[in-house]
Amino acid sequence: MAPSKVLAGARVVLPTGTVDDGRVIVDGTRIADTAPPGADVVDVNGHWVVPGFVDLHNHGGGGASFAGGTAEDVLRGVETHRRHGTTTVVASAVTGDLDFLARHAGMLAELAQQGEIAGIHFEGPFISPCRKGAHDEQLLRDPDPAEVRKLVDAAHGHAKMMTLATELPGGLDSVRLLTEHGVIAAVGHTDATYEQTVQAIDAGATVATHLFNAMPPLGHRAPGPITALLEDERITVELINDGTHLHPAALQLAFHHAGAARVAFITDAMDAAGFGDGRYLLGPLEVEVADGVARLVEGGSIAGSTLTLDRAFKRAVTVDGLPVGDVVAAISANPARLLGLDDRIGSLDAGKDADLVVLDDAFDVVGVMRRGDWVVDPRLG
């Protein structure tokens, strides 16, 4: 068991607000109310201590793919994101052959069982060819509930979310099936109208996959899915805050209309996150990463991101001017709640897992702790 620690002197962000010159007590793997005798005192004066980041939508990192790699690849990608503060990650698949996706889900389910990932997100193949983004159009299909059930069953209880174009035949029935099985139905890669999106929400959809991206834009006569997703309090909207996927005004629009309690920052990261420019595969499609921006070699569509959540956090505070508490909600508390894990993660309350991030006054990561063990030790510089 990890030794007990007291992180002292930091600005500690709690659900109730920020405590200056605060402390966080870690006893073993959990946050505690009181420090046991002999606890190791870690001076983090002048720094911020925030909950570990929770990424709902992530395809890989460190040169490794969650969508098609081996178990060892997935672990390498997970470790890369942990060093950037993401202590909880959902592994996202991309469109592929249905049998392959089922087999791959079985492998990912084993990693979820071991606690290395928090579950599986299926992004495709049940999405619109009109808004396919970086998905292979030849492998897309309508959301047949029987095929949706096949993937859910293949995940052995670890399917957390599925992105659907709910306007397609079988879409609403698939949303109902997912809801009945405790899987988040997410509206995304969709060409739905406003009215069709409202129907999907009423059927049980609760998440907007990377809002604004891969869906019709806002229109004053045809408000489309964006308006329906922003206005409904049952929906949490994913945002990719990398400066490429969203104009800052679009991010502000989402926060203004949805409020901080309904935003979840995600990375939508692919293999190049934390690794570098070059050529990669996203599912079966070739991707060129240049200056940190990933685009399909054929067609030039944006193909996921190279984002890590620490960069999303820093940008949200220093560029977008969001309050630190709102950013913590979007990057930790809200995704933890969506995953049904907020009794264990997402805040620095006593009794929860000791998952936390130490940030300096420029909002750069200097320490990461997961379940009481340092992934990045702030004392090592």
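- Distance CZ/F66 to CD1/I120: 12.0 Å, rounded to 0.5 Å.
- Note on L108: it clusters hydrophobically with L151, by side-chain heavy-atom contacts below 4.5 Å among ILVMFWY residues.
- Panel note: side chain N334, backbone A329; a donor-acceptor pair is recorded below 3.5 Å.
- Apart from V24 itself, the hydrophobic cluster it occupies contains L7, V12, L14, V19, V26, I31, V42, V44, V49, L348, L356, V358, V366, M369, W374, where clustering links Ile, Leu, Val, Met, Phe, Trp and Tyr at side-chain heavy-atom distances under 4.5 Å.
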Subject >> Verdict with supporting geometry, L307 and H245, side-chain contact (heavy atoms from CB on, under 4.5 Å) >> reply: CA-CA 11 Å; L307 187 63; H245 282 79; over 6 Å; no
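- The CG atom of D144 lies 7.0 Å from the OG atom of S174; values are rounded to the nearest 0.5 Å.
- Atoms CD1 and OG1, from I25 and T34 in turn, are 6.0 Å apart once rounded to the nearest 0.5 Å.
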**OP:** Give the C-alpha distance, both sets of side-chain angles, the deciding distance and a yes or no for salt bridge (Lys or Arg N to Asp or Glu O under 4.0 Å) between K352 and D342.
**Re:** CA-CA 9 Å; K352 294 192 177 183; D342 51 333; over 6 Å; no
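- Side-chain contact check for R131 versus T190: every heavy-atom pair is 4.5 Å or farther apart.
- I331 CD1 to I266 CD1: the interatomic distance, rounded to the nearest 0.5 Å, is 11.5 Å.
- Here the side chain of D353 pairs no donor or acceptor atom with the backbone of I345 at under 3.5 angstrom.
- In this structure a side-chain-to-backbone donor-acceptor pair under 3.5 Å is missing from R370 to G52.
- Of all the heavy atoms in G276 and V289, the pair that sits closest is O-CG1, 4.2 Å.
- Between K314 and the options D320, D364, D361, D360, a salt bridge (Lys or Arg N to Asp or Glu O under 4.0 Å) holds for only D364.
- Separation of atoms CD (E238) and CG (D55) is listed at 8.5 Å; rounding is to 0.5 Å.
- In this structure, F255 and F265 have tilted ring planes: the angle between them lies in the 30° to 60° band.
- The main-chain N or O of K5 is never found under 3.5 Å from a side-chain atom of D40 such that the two would form a donor-acceptor pair.
- For H59 and E123, the side-chain atoms include at least one donor-acceptor pair closer than 3.5 Å.
- Shown here is R30, whose CZ atom has more than 12 heavy atoms of other residues, nucleotides or ligands within 6.0 Å.
- Remark: side-chain polar atoms of R262 are paired, donor with acceptor, to backbone N or O of D232 under 3.5 angstrom.
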Original post:
K150 and D99: salt bridge (Lys or Arg N to Asp or Glu O under 4.0 Å), yes or no, with the steps?
Top reply: CA-CA 9 Å; K150 176 179 178 175; D99 289 335; 2.5 Å; yes
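- Here the options are R371, R76, R82, the test is salt bridge (Lys or Arg N to Asp or Glu O under 4.0 Å), and the partner is E116; only R82 passes.
- In this structure, the separation between CD on Q252 and NE2 on H247 is 11.0 Å, given to the nearest 0.5 Å.
- Not one N or O on the side chain of D202 forms a donor-acceptor pair closer than 3.5 Å with the backbone of Q199.
- Residues satisfying the ring-ring contact (aromatic ring centres under 6.0 Å, His included) test with F122, not counting sequence neighbours, are none.
- Inter-residue side-chain proximity for L338 and M161 is flagged as unmet; no heavy-atom pair is nearer than 4.5 Å.
- Judged purely by atom type and a 3.5 angstrom limit, T95 has no side-chain atom pairing as donor or acceptor with the backbone of D136.
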Original post:
Can you check side-chain contact (heavy atoms from CB on, under 4.5 Å) on I226 and M215, steps first, answer last?
Top reply: CA-CA 8 Å; I226 293 171; M215 58 183 64; 3.6 Å; yes
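- Of the possible donor and acceptor atoms, one in the side chain of R311 sits under 3.5 Å from a partner among the backbone N and O of T306.
- You'll find the side chain of T308 stays beyond 4.5 Å of the side chain of T86, heavy atoms only.
- For T193 and E167, the side-chain atoms include no donor-acceptor pair closer than 3.5 Å.
- Looking at V207 and I235, their side chains never come closer than 4.5 Å, going by heavy atoms from C-beta outward.
- Side-chain contact annotation: N58 with H81, donor-acceptor N/O pair under 3.5 Å present.
- Residues V368 and F363 share a hydrophobic cluster, clusters being chains of Ile/Leu/Val/Met/Phe/Trp/Tyr side chains in contact below 4.5 Å.
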